[in-house]
Amino acid sequence: MNVVKVLVAAPLHEKAIEVLKNAGFEVVCEEYPDEDKLIELAKDVEAIIVRSKPKVTRKVIEAAPKLKVIGRAGVGLDNIDLDAAKERGIKVVNSPGASSRSVAELVVALMFAVARKIAFADRKMRGGVWAKKQCMGIELEGKTIGVVGFGRIGYNVAKLAKALGMNVLLYDPYPDEERAKEVGGKFVSLEELLKESDVVTLHVPLIDATYHMINEERLKLMKPTAILINAARGAVIDTEALVKALGEGWIAGAGLDVFEEEPLPEGHPLTKFDNVVLTPHIGASTVEAQMRAGVQVAEQIVEILKK
Ligand code: NAD
């Protein structure tokens, strides 16, 4: 009997491996192989599972005559040559919603961290400084949050913000009124959202229309007491403009999980501000999100290969 072989080329949750094995597949695991190794491993497999690495190039796809499906445990597909896959009729599956709640929870954590100066206070404590006077914060209840991009993550953030007693403003070129009602949100123009919000949080994809969407002009629309959160993609904000805005006090602070250049270079101007909280692109880094992402991709692969 011909056993179906699946190559897992990135770390994958054990529950996802179980799904593949329970379907009767032979699972070969090799964490992040280089291109030559991947070509060698791909020659007799029907599916390859990756995360943001390794790259599934045209060369890899051409070297895999039995390949029927490529699975990406996570969202972006930029490490997969989609044209080459399409030409061969190879399906590409991913798990876009698996991390939405995790990213939303990180956004809330960043919001509180900036509003209550938690990271700053922690740094001071470790340096032996009891910075009580410098740590006057603000409450979030009754404040207005502006959610830019009301998709999967934006919706989860709005839901949590509503539970905190915040007023919710939304901006999205494709407004979903039903979902807005659910979170007590109101669609407004981007300009109005920036002017009215105490917290502005970005949840748009990085596309031409959103590249440097938050620029000098728009930062100037924000309240001087406002907090900006970015857990979307670094280039949605013009970093130079943000550094200027923080330096000159156009806004009160920022919580950033993503950067135009990742890893953020050592000594970057953003690391100099006490009112900025930085995390290294960890929005989806939870046990639950990783498990969901793996299992969702594994289940789709089983469905495709069992047909
Ligand atoms: P989604 O596709 O569900 O939602 C995106 C929303 O943005 C959509 O409703 C869309 O209509 C809207 N949109 C598109 N163009 C817009 C514009 N010009 N102005 C305003 N809104 C616009 O995506 P999602 O799953 O919610 O992900 C959102 C972002 O989060 C993506 O950039 C993704 O890369 C990022 N993300 C980050 C992490 C992390 O670790 N920090 C993890 C997962 C996703």
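Owing to the predicted nature of the structure, the values given are computational and were not obtained by experimental measurement. Counting starts at 1 for both ligands and their atoms, in listed order. In this chain, residues are counted from 1 in sequence order.
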Does a salt bridge link Arg58 with Glu62, judged by any charged N lying under 4.0 Å from a carboxylate O? yes
Tell me whether Lys66 is salt-bridged to Asp44, with the criterion being a basic N under 4.0 Å from an acidic carboxylate O. no
Would Gly283 count as being in polar contact with ligand 1, using the rule that some N or O on each side must be under 3.5 angstrom apart? yes
Is Arg292 salt-bridged to Glu288, going by a charged N under 4.0 Å from an acidic O? no
Nearest heavy-atom pair of Ala226 and Ser197: which atoms, and what distance? CB-O, 3.7 Å
Nearest protein heavy atom to atom 4 (O) of ligand 1, by residue and atom, and its distance? Gly151 CA, 3.2 Å
Side chains of Tyr171 and Glu192 only: does a donor on one sit below 3.5 Å from an acceptor on the other? no
Top protein contact for atom 23 (O) of ligand 1, by heavy-atom distance: Arg152 NH2, 3.6 Å
Has ligand 1 got any nitrogen or oxygen that is less than 3.5 angstrom from a nitrogen or oxygen of Ala231? yes
Identify, for atom 8 (C) of ligand 1, the protein heavy atom at the shortest distance, and state residue, atom and that distance. Asp172 OD2, 3.4 Å
To which protein heavy atom is atom 26 (O) of ligand 1 closest, and what is the distance rounded to 0.1 Å? Ile153 N, 2.8 Å
Near His203 (heavy-atom distance under 4.0 Å), the atoms of ligand 1 are 5 (C), 6 (C), 7 (O), 28 (C)
Nearest atoms (heavy-atom pairs only) where Leu38 meets Ala9: CD1-CB, 4.3 Å
Minimum-distance pair of heavy atoms, taken over all atoms of Lys162 and Glu182: NZ-O, 3.5 Å
Ligand 1 atoms nearer than 4.0 angstrom to some heavy atom of Ala284 are 40 (O)
Looking at atom 32 (O) of ligand 1, what's its closest protein heavy atom, distance included? Val204 O, 2.8 Å
What's the spacing between Tyr211 OH and Leu206 CG if we round to 0.5 Å? 8.5 Å
As an exercise, identify every atom of ligand 1 less than 4.0 angstrom from a heavy atom of Val103. 38 (C), 42 (C), 43 (C)
Which residue supplies the protein heavy atom nearest to atom 18 (N) of ligand 1, what is that atom called, and how far is it? Thr210 CG2, 3.5 Å
Got a salt bridge between Glu177 and Lys181, using NZ or NE/NH1/NH2 to carboxylate O under 4.0 Å? no
His281: numbered ligand 1 atoms lying under 4.0 Å from its heavy atoms: 39 (C), 40 (O), 41 (N)
Provide the number and element of each atom of ligand 1 under 4.0 Å from a heavy atom of Gly149. 7 (O), 21 (N)
Under 3.5 Å, is there a donor-acceptor pair between the Thr279 and His281 side chains? no
Contact between Ser99 and ligand 1, counting heavy atoms under 4.0 Å? yes
Indicate yes or no: does an N/O atom of Met213 lie under 3.5 Å from an N/O atom of ligand 1? no
Just jot down the ligand 1 atoms closer than 4.0 angstrom to any heavy atom of Tyr174, in number order. 11 (O)
Atom 14 (C) of ligand 1 sits nearest the protein heavy atom Pro205 CD, 3.7 Å
Could you tell me whether the side chains of Glu196 and Thr144 share a donor-acceptor contact shorter than 3.5 Å? no
What protein heavy atom lies closest to atom 35 (C) of ligand 1? Include the residue and the distance to one decimal. Ala232 O, 3.6 Å
For atom 21 (N) of ligand 1, the option (of Ala235, Pro175, Pro173, Gly154) bearing the nearest heavy atom: Pro173
In short, Val297 meets Arg72 closest at the heavy-atom pair CG2-O, 3.2 Å
Do any N/O atoms on Asp257 end up under 3.5 angstrom from N/O atoms on ligand 1? yes
